[in-house]
Number of protein chains: 2
Amino acid sequence: MATATQLTNVLKSLADPTRRAVFERIIREGEVAATGLVQGSKVSQPAVSQHLRALRDAGLVVERREGRHIHYRVAPKGLSPLIDWLGHYETFWAERFANLEKLLKESE
Amino acid sequence: MATATQLTNVLKSLADPTRRAVFERIIREGEVAATGLVQGSKVSQPAVSQHLRALRDAGLVVERREGRHIHYRVAPKGLSPLIDWLGHYETFWAERFANLEKLLKESE
DNA sequence: CAATCGTATAAGCAATTGCTTATATATTTC
DNA sequence: GAAATATATAAGCAATTGCTTATACGATTG
């Protein structure tokens with residue numbers, strides 16, 4: 001079960017637009033090296049690195065070292081704390097949420 | 001359609017544990033006056049008031065004045081930006097699920 | 001109208017955040 | 001081993017955040 005702290009970390013991580021953009025690129029591109037994420041980013045390499053650390057600490061991405069590159073990809077259950085939290089209040093906004101939750105549960 | 005700014009506001013609002021607790025109480029209790037939310041809260045009345053304003057600005061709650069009380073309740077579509085954002089990557093997660101399944105089959 | 005109740009706003013402050021530049025740490029290549 | 005590449009960490013700084021106390025506003029009651 002996801003703790004409140006984990007949920008807080010996920011929400012905080014996604015709340016920053018720059019960091020969320022990094023996460024979205026990782027989602028779209030599947031697996032990206034940090035270099036690739038720096039290119040096309042508005043912020044510096046250290047800034048991207050710091051965002052990647054935040055995302056990793058929040059459990060949203062995982063890294064895989066390959067030579068001097070470090071490739072990032074989405075952590076399978078990274079969004080679980082958020083999905084679970086939404087699901088906890090499902091009855092309040094059931095219809096829209098039902099399909100998404102089902103899909104995500106299957107992918108665990 | 002929800003803008004990126006709206007999503008950011010929703011995420012930021014929910015990212016703070018105290019403010020999220022206020023929101024959760026409003027969800028559970030249906031309609032609550034600010035006084036009720038202050039009671040049982042760890043923070044002061046102004047702090048609660050500021051959190052309520054943030055939640056309202058993010059579109060997560062609506063208020064209804066009744067005499068000198070102001071009652072808060074969940075805004076029906078307040079979480080839409082978040083739900084929509086998650087749904088936007090639905091296809092990605094579906095593909096991820098498919099790939100995982102494929103990978104597991106191959107490793108048998 | 002004066003007192004009171006419910007709530008919001010103002011001002012100030014310590015803590016946190018997101019960024020920068022500069023530097024360190026791995027890893028590979030020459 | 002030296003240079004180059006990929007990434008992380010350190011230090012510092014301006015902006016933002018979440019809280020506090022004090023005060024203002026709005027509605028009700030006497």
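Keep in mind that what you see is a predicted model, and the values were worked out from it rather than measured. Below, chains carry the letters A, B, ... as their sequence lines are ordered, and counting in each starts from 1. Because only heavy atoms are used, hydrogens play no part in the values below, and waters and symmetry mates are left out as well, while side chains stay in.
Side-chain N or O atoms of B:Arg56 include none that pairs as donor or acceptor with a backbone N or O of B:Ala58 at under 3.5 Å.
B:Gln50 pairs by the side-chain contact (heavy atoms from CB on, under 4.5 Å) definition with B:Pro46, not counting sequence neighbours. Every residue meeting the side-chain contact (heavy atoms from CB on, under 4.5 Å) condition with B:His69, not counting sequence neighbours, appears here in chain and number order: B:Ala33, B:Thr35, B:His71.
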Atom pairs, protein N/O to nucleotides 15-17 of chain C N/O, distance under 3.5 Å:
{"from": "C:dT17", "atom 1": "OP1", "to": "A:Lys12", "atom 2": "NZ", "distance (Å)": "3.4"}

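A sub-4.0 Å separation between OP1 or OP2 of D:dA8 and a side-chain N or O of A:Tyr72 is present. For A:Thr18, no side-chain nitrogen or oxygen approaches OP1 or OP2 of C:dG18 to under 4.0 Å.
In this structure, NZ on A:Lys77 lies 13.0 Å from CD1 on A:Ile83, to the nearest 0.5 angstrom. Separating the CG atom in B:Leu86 from the CG atom in B:Leu82 is a distance of 5.0 Å, to the nearest 0.5 Å.
Enclosure of atom CZ in B:Arg53 is not indicated, since only 12 or fewer non-hydrogen atoms of other residues, nucleotides or ligands lie within 6.0 angstrom.
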Base-contact (B) and sugar-phosphate-only (S) positions in nucleotides 20-30 of chain D, heavy-atom cut-off under 4.0 Å, - elsewhere
BBB----BBS-

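Side-chain heavy atoms closer than 4.5 Å link hydrophobic residues (I, L, V, M, F, W, Y) into clusters, and following such links, even through other members, never connects A:Val74 to A:Val62.
In summary, A:Glu63 and A:Arg65 do not engage in a salt bridge, as defined by a charged side-chain N under 4.0 Å from a carboxylate O.
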Got a list of side-chain donor-acceptor pairs under 3.5 Å for residues 16-27 of chain A, not counting sequence neighbours?
{"from": "A:Asp16", "atom 1": "OD2", "to": "A:Thr18", "atom 2": "N", "distance (Å)": "3.3"}
{"from": "A:Asp16", "atom 1": "OD2", "to": "A:Arg19", "atom 2": "N", "distance (Å)": "3.0"}
{"from": "A:Arg19", "atom 1": "NE", "to": "A:Ser13", "atom 2": "O", "distance (Å)": "2.8"}
{"from": "A:Arg19", "atom 1": "NH1", "to": "A:His51", "atom 2": "ND1", "distance (Å)": "3.3"}
{"from": "A:Arg19", "atom 1": "NH2", "to": "A:Lys12", "atom 2": "O", "distance (Å)": "3.1"}
{"from": "A:Arg20", "atom 1": "NH1", "to": "A:Leu14", "atom 2": "O", "distance (Å)": "2.9"}
{"from": "A:Arg20", "atom 1": "NH1", "to": "B:Thr8", "atom 2": "OG1", "distance (Å)": "3.2"}
{"from": "A:Arg20", "atom 1": "NH2", "to": "B:Ala4", "atom 2": "O", "distance (Å)": "3.4"}
{"from": "A:Arg20", "atom 1": "NH2", "to": "B:Thr8", "atom 2": "OG1", "distance (Å)": "3.0"}
{"from": "A:Glu24", "atom 1": "OE2", "to": "B:Trp85", "atom 2": "NE1", "distance (Å)": "2.6"}
{"from": "A:Glu24", "atom 1": "OE2", "to": "B:Tyr89", "atom 2": "OH", "distance (Å)": "3.4"}
{"from": "A:Arg25", "atom 1": "NE", "to": "A:Glu29", "atom 2": "OE2", "distance (Å)": "3.1"}
{"from": "A:Arg25", "atom 1": "NH1", "to": "A:Gly36", "atom 2": "O", "distance (Å)": "3.4"}
{"from": "A:Arg25", "atom 1": "NH1", "to": "A:Leu37", "atom 2": "O", "distance (Å)": "3.4"}
{"from": "A:Arg25", "atom 1": "NH1", "to": "A:Gln39", "atom 2": "O", "distance (Å)": "2.9"}
{"from": "A:Arg25", "atom 1": "NH2", "to": "A:Glu29", "atom 2": "OE2", "distance (Å)": "3.2"}
{"from": "A:Arg25", "atom 1": "NH2", "to": "A:Gly36", "atom 2": "O", "distance (Å)": "2.9"}

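Using a 4.5 Å cut-off on side-chain heavy atoms (C-beta onward), B:Tyr72 and B:Val32 make no contact.
Contacts of residues 52-63 of chain A with DNA chain C (heavy atom under 4.0 Å): none.
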